[in-house]
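Take a look at the structure below.
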Amino acid sequence: MSRDHVQPTERSAAGAPPTGAETPYLELLARGASADAYEQPVLLARAEGRPTEQIMALEQAKLLALRVRSELEGRRRREAELSALFETAHDLAGLRDLDAVLQAIVQRARSLLGTDVAYLSLNDPARGDTYMRVTEGSVAARFQQLRLGMGEGLGGLVAQTARPYVTDDYFKDDRFQHTLAIDAGVRDEGLVAILGVPLTLGHHVIGVLFAADRRARVFEREQIALLGSFAALAAAAIDTANLLSETRSALADLERANEIIRDRSGVIERASDVHDRLAQLVLHGGGVHDVAAAVSEVLDGTVEFTEATAVPATALEASRAEGHAVRYGDDWIAAVVAGGELLGALVLRGQPGLDRVDQSTLERAATVTSLLLLARRSAAEAEQRVRGELLDDLLDARDRDPRLLRERAARLRADLDARHVVLAARLDAVAADAEQEADARRRLWSAASHLAATRHGLAAARDGGTVLLLPLTGDDTATALARRTARHLGTAVHEAVTVGASAPVEDLAAHPDAVAAGYEEGRRCLEALRLLGRPGDGAAAEDFGFLGLLLAGDRDVTGFVGRTIGPVVAYDERRGTDLLRTLDAYFSCGMSPARTKDDLHVHVNTVAQRLERVGRLLGDDWQSPARALEIQLALRLHRLSGPARR
């Protein structure tokens, strides 16, 4: 590296404010003082009649400190917002009472946005309007019982257009269709500023989430986005409750079908045989193809489970709509459906003359198949969730009992005593909207979870991306593992995925904080790849030379010095030679042996012999610009980290 590349850094350092101007502002930052307090050092300096240069330096330091304070406050706010979202998501994961989850959502939305009132309305398709479902902070009974027609008021407009709307003064805003009933309710509640975001499932609006103040107020973009996140969680809670209801309904339908079959004395033996076969298959861990084979024997035909795309659409849709097997030519088709989701179909081939009992057998097999598919999906999701929870605990260092950590890992076929690498993965493509971005993140997390399961590692969603903890085997390196992971995940999600890796970490059960440190190192490496214009690639901090020292989480100075000039240090210690001193003088003298021998007061041949020995220890390319820069940095760090010399 030429010297021209070093000079700008030196000049930028020289342009910094004089030492001492920052001190009062650092103290203000440390104690979390208010913004007004940052004017005091400047006012005091002016009152004391200090030189103009000092006052200007204080002004510059004040502006920097205020920017730092603003950034810190923003981060604390975002941390609080993320914490609330995680807590709400946790409530959703253990959904038992829909009303309690929705109440928690509006409570947290009101608290984080700092509004007087938060409330949630749901659409009523039968009446074509939207009605209040949950309120927090409301005091007016008429407001709590409001119903808004589609397009009426702010909420009706949000429900109709599926877009967020905000007003800093509702009664002065003529964008909304004001009605006597709505205005009376809003006036009773005393609301002025109102923000409303849609609750959507797919492309359908199911309701609106509101935050409102009893005074004029401008809602910021981040607050609108935050309320939108809570709206997404509320929609998910409602969808989950609906799916649970549909599942219970499906199970109830299955039970009623079993009762009808048992009541029919003429076919009880055959129905019992079908029931026993399917039950045995389920109990012994059989799959969907085992169910098809068993039903083939009972119906004396060929039954196959096929994907929905491989079945005639008209017949499949008819079976799905009617809830029964339907005839298509010489075949019979039974849709496999769970919670309204089409999972595939059972197809009985070459049996056009099927009686009602056999049709019921095929339909029951389709129901059992749907339950098996749901069970398989639930098991996979549960394992992914457990792996994510263990990795979250390691990242947060909450559970420090090594025995418990090892037991939890062993149940997931992971070995925390092995060498691992922490990898931070993130998608590089920019999604068109929030829904597409969320879908892309889910696909990335799913692919990472599958990779972790097959590699006996762990994976979890974090910071808008995914973090993986994968074992390092044999002669494999962190760099090679990062690149393979980037290629694997990119192929799985059909998008570029960038992966940053930590240095290998060991003994994680006893030192779980090493995982958090490794994750931070991997994230910095990932950001470095993106800044260097290498999206879709994978790398570790060691790949960046001395830049790896800057990327490393714990600033491993000793490790960097050892990797760079360790052989020379060891040689001097064993032999009592002066190779390090010679190297230092050589670089100080512009890499001139003649000037070096004068500085060391030795013969030029002695300098040449010592440099030849250095070349054998460090490699033939030790004087190349890149290596020379790293060696000089290592020499400086070694000198600074050693005892003071007179």
* Is there a donor-acceptor contact under 3.5 Å from the side chain of S502 to the main chain of V422? -> yes
* To do: Could you tell me whether R442 and E437 have a side-chain N and a carboxylate O separated by less than 4.0 Å?
  => no
* **A425 to L489 - nearest heavy-atom pair and separation** => CB-CD1, 3.9 Å
* Asked: Checking T491 side chain against R487 main chain: does a donor-acceptor pair fall under 3.5 Å?
  -> yes
* Asked: Ion pair present between D572 and R613, side-chain N to carboxylate O less than 4.0 angstrom?
  -> no
* To do: Using modelled atom types only, decide if a donor and an acceptor are shared between the side chain of R455 and the backbone of H450 within a distance under 3.5 Å.
  => no
* R221, CZ: over 12 other non-hydrogen atoms inside 6.0 angstrom -> no
* **Backbone N/O of D417 and side chain of D415: donor-acceptor pair under 3.5 Å** => yes
* Asked: Checking H488 side chain against A486 main chain: does a donor-acceptor pair fall under 3.5 Å?
  -> no
* **Cationic N near anionic O, under 4.0 Å, R443 to D439** => yes
* Under 3.5 Å donor-acceptor, E520 side chain and A517 backbone -> no
* Is the side chain of H420 donor-acceptor paired with the backbone N or O of L469 at a distance under 3.5 Å, no angle test? -> no
* Side chains of Q632 and Y586: donor-acceptor distance under 3.5 Å anywhere? -> no
* **Verdict with reasoning, R627 to D620, per salt bridge (Lys or Arg N to Asp or Glu O under 4.0 Å)** => CA-CA 10 Å; R627 287 290 307 280; D620 293 336; over 6 Å; no
* Is it true that E527 and R523 have a side-chain N and a carboxylate O under 4.0 angstrom from each other? -> no
* Donor-acceptor under 3.5 Å (S592 side chain, C589 main chain) -> no
* D476 vs V421, side-chain contact (heavy atoms from CB on, under 4.5 Å): CA-CA, chis, key distance, verdict -> CA-CA 11 Å; D476 204 3; V421 172; over 6 Å; no
* Structure fact -> Nearest heavy-atom approach of L423 to A482 is CD2-CA, 3.6 Å
* Keeping the roles fixed (side chain from D428, backbone from G536), state whether a donor-acceptor pair exists under 3.5 Å. => yes
* **Smallest separation among heavy atoms of F587 and L635, with atom names** => CD1-CD1, 3.9 Å
* Structure fact -> When every non-hydrogen atom of A492 is compared with those of A447, the smallest separation belongs to CB-CB, 3.7 Å
* Do the side chains of R610 and V614 get nearer than 4.5 Å, heavy atoms only? -> no
* **Donor-acceptor pair, side chain of R426 and main chain of V497, under 3.5 angstrom** => no
* Asked: At what distance, to the nearest 0.5 angstrom, does CG of L526 lie from OH of Y519?
  -> 9.0 Å
